[in-house]
Peer 1: 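Okay, handing you the structure first.
Keep in mind that this is a model prediction, so the values were computed, not measured. When a ligand or atom number is given, it counts from 1 through the structure's own listing order. Quick note: residue numbers are just sequence positions, from 1.
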Amino acid sequence: MESNILMFVFHIFLFFQLRPSNAQDLIRAGYYDCSEQHNIKVSEINSSLFTHLINGFAAVNSTTYQLSLLSSEKCFSIFTDTVKQKSPSVITLLSIGNRNGYHSTLVSMISNAFCRKSFIDSSIQVARLYGFQGLDFFWRYPNTKSDMFNMGILLEEWRAAIQLEAKNSSHSELIFTAGVYYSTSTPSGSTYSVNSIGQYLDWVHVVASEYSIPGENNFTGVNAALYDPAGVENTDYGIREWINAGLSANKLVLLLPFYGNEWMLLNSKDNSIGAPAAGPANKTGNEFLTYKEIKDEIERRGPNVQLSIFKVRRI
Ligand SMILES: *[C@@H]1O[C@H](CO)[C@@H](O)[C@H](O)[C@H]1NC(C)=O
Ligand SMILES: *[C@@H]1O[C@H](CO)[C@@H](O)[C@H](O)[C@H]1NC(C)=O
Ligand SMILES: *[C@@H]1O[C@H](CO)[C@@H](O)[C@H](O)[C@H]1NC(C)=O
Ligand SMILES: *[C@@H]1O[C@H](CO)[C@@H](O)[C@H](O)[C@H]1NC(C)=O
Ligand SMILES: *[C@@H]1O[C@H](CO)[C@@H](O)[C@H](O)[C@H]1NC(C)=O
């Protein structure tokens with residue numbers, strides 16, 4: 001699933017919370033990735049569209065297990081102030097994870113109490129340093145039974161540290177969220193500790209997309225199918241799994257991808273869903289088009305442009 005991780009690193013996402021208890025509770029959040037160069041600038045985000053903006057993705061140092069902002073420190077440091085200029089009420093969260101190659105670091109970190117503490121303390125410190133009001137853990141994805149068990153312990157200790165820090169400072173408690181797979185079992189078949197997630201997190205961002213990927217499927221497919229009567233790779237199925245496993249619906253925030261996939265079609269005239277293809281349209285580049293690229297394309301070609309044009313334009 002490494003290719004999935006790559007795909008995800010790049011865009012603004014919008015989230016909508018399922019079944020809010022009232023209109024004020026509706027979460028309209030967006031992700032912004034400081035490491036994606038094709039992204040819009042932080043100053044171009046229209047903050048008034050959002051209740052929460054989530055800034056990713058902090059890395060974890062494999063020696064110290066402290067947070068590392070790598071070369072994006074400037075972007076993280078200006079994020080909160082910049083987005084609040086347009087909308088002072090928008091709430092910002094710092095997201096950790098979602099980076100290629102960090103999986104083994106996270107596995108080591110969660111398996112050792114000392115490393116977990118170093119990680120947790122550092123996450124709170126960095127969030128406060130740059131004015132974030134919350135923390136988001138975006139590990140795609142814990143694989144094994146022991147990963148799932150240890151992640152439960154991490155969440156418990158992390159929440160306790162967040163509570164303690166708030167008691168011991170003038171700040172209000174940090175919001176605490178995570179990004180999770182669309183269903184309760186990750187691709188390797190291990191199941192999240194749903195009880196811990198419900199108990200310690202304010203909510204989860206469900207990655208309800210990437211059901212069909214150019215690098216893995218030789219036919220075009222739907223990125224974020226809401227339903228698929230023929231299979232389990234769809235949002236309806238995944239959300240039902242979460243709710244059936246006991247997670248309250250008001251802790252589920254649905255993530256919508258704001259990017260499109262690009263396949264190399266075998267026949268440029270056959271550009272329907274399910275058309276034969278030979279992998280990504282651009283083998284050396286991204287497998288997908290960013291929101292900005294799609295928008296630019298629509299501006300160039302006019303509002304009636306068919307989405308399928310994007311899939312064939314590089315043939
Ligand atoms: C930002 O979003 C608000 C709320 O939808 C809208 O009224 C405004 O026109 C947008 N501003 C820009 C520059 O797009
Ligand atoms: C991790 O931390 C160590 C010790 O502070 C430092 O020497 C190293 O350069 C860091 N690694 C990365 C990739 O930042
Ligand atoms: C509480 O805050 C004080 C002063 O900021 C600090 O020295 C101390 O380590 C903190 N204690 C805990 C448990 O975080
Ligand atoms: C897709 O097609 C390409 C070219 O024909 C081939 O190299 C690749 O192995 C195929 N991938 C899958 C997942 O079938
Ligand atoms: C493919 O992607 C690479 C890397 O992003 C880019 O330099 C190149 O121009 C792209 N090729 C086409 C045909 O778009």
Peer 1: Are any of the N/O atoms in Asn61 less than 3.5 Å from those in ligand 2?
Peer 2: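 Yes, at least one N or O pair falls under 3.5 Å.
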Peer 1: Give the atoms of ligand 2, by number and element, whose distance to some non-hydrogen atom of Thr64 is under 4.0 Å.
Peer 2: 2 (O), 4 (C), 5 (O)
Peer 1: For Lys86, which residues count as a side chain to side chain donor-acceptor pair (under 3.5 Å) partner, sequence neighbours excluded?
Peer 2: none
Peer 1: Show the protein residues that qualify under the rule heavy atom under 4.0 Å from an atom of ligand 1, listing them in chain and number order.
Peer 2: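 Within 4.0 Å of ligand 1, protein side: Asn46, Ser48, Leu49.
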Peer 1: With sequence neighbours excluded, tell me which residues meet side-chain contact (heavy atoms from CB on, under 4.5 Å) with Thr184.
Peer 2: Thr191, Val194, Glu241, Trp242, Ala245
Peer 1: By salt bridge (charged side-chain N to carboxylate O under 4.0 Å, His left out), which residues pair with Asp270, not counting sequence neighbours?
Peer 2: none
Peer 1: Under 6.0 Å between the ring centres of Trp263 and Phe219?
Peer 2: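 Ring-ring flag for Trp263/Phe219: false, centres at least 6.0 Å apart.
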Peer 1: Whether Asp236 and Arg240 form a salt bridge (side-chain N of Lys/Arg under 4.0 Å from carboxylate O of Asp/Glu) is what I want to check.
Peer 2: yes
Peer 1: Is the closest side-chain heavy-atom distance between Glu233 and Val222 below 4.5 Å?
Peer 2: no
Peer 1: Please identify which of these residues, Leu94, Leu69, Ile78, meets the side chain to side chain contact (heavy atoms under 4.5 Å, CB included) condition with Tyr130.
Peer 2: Leu69
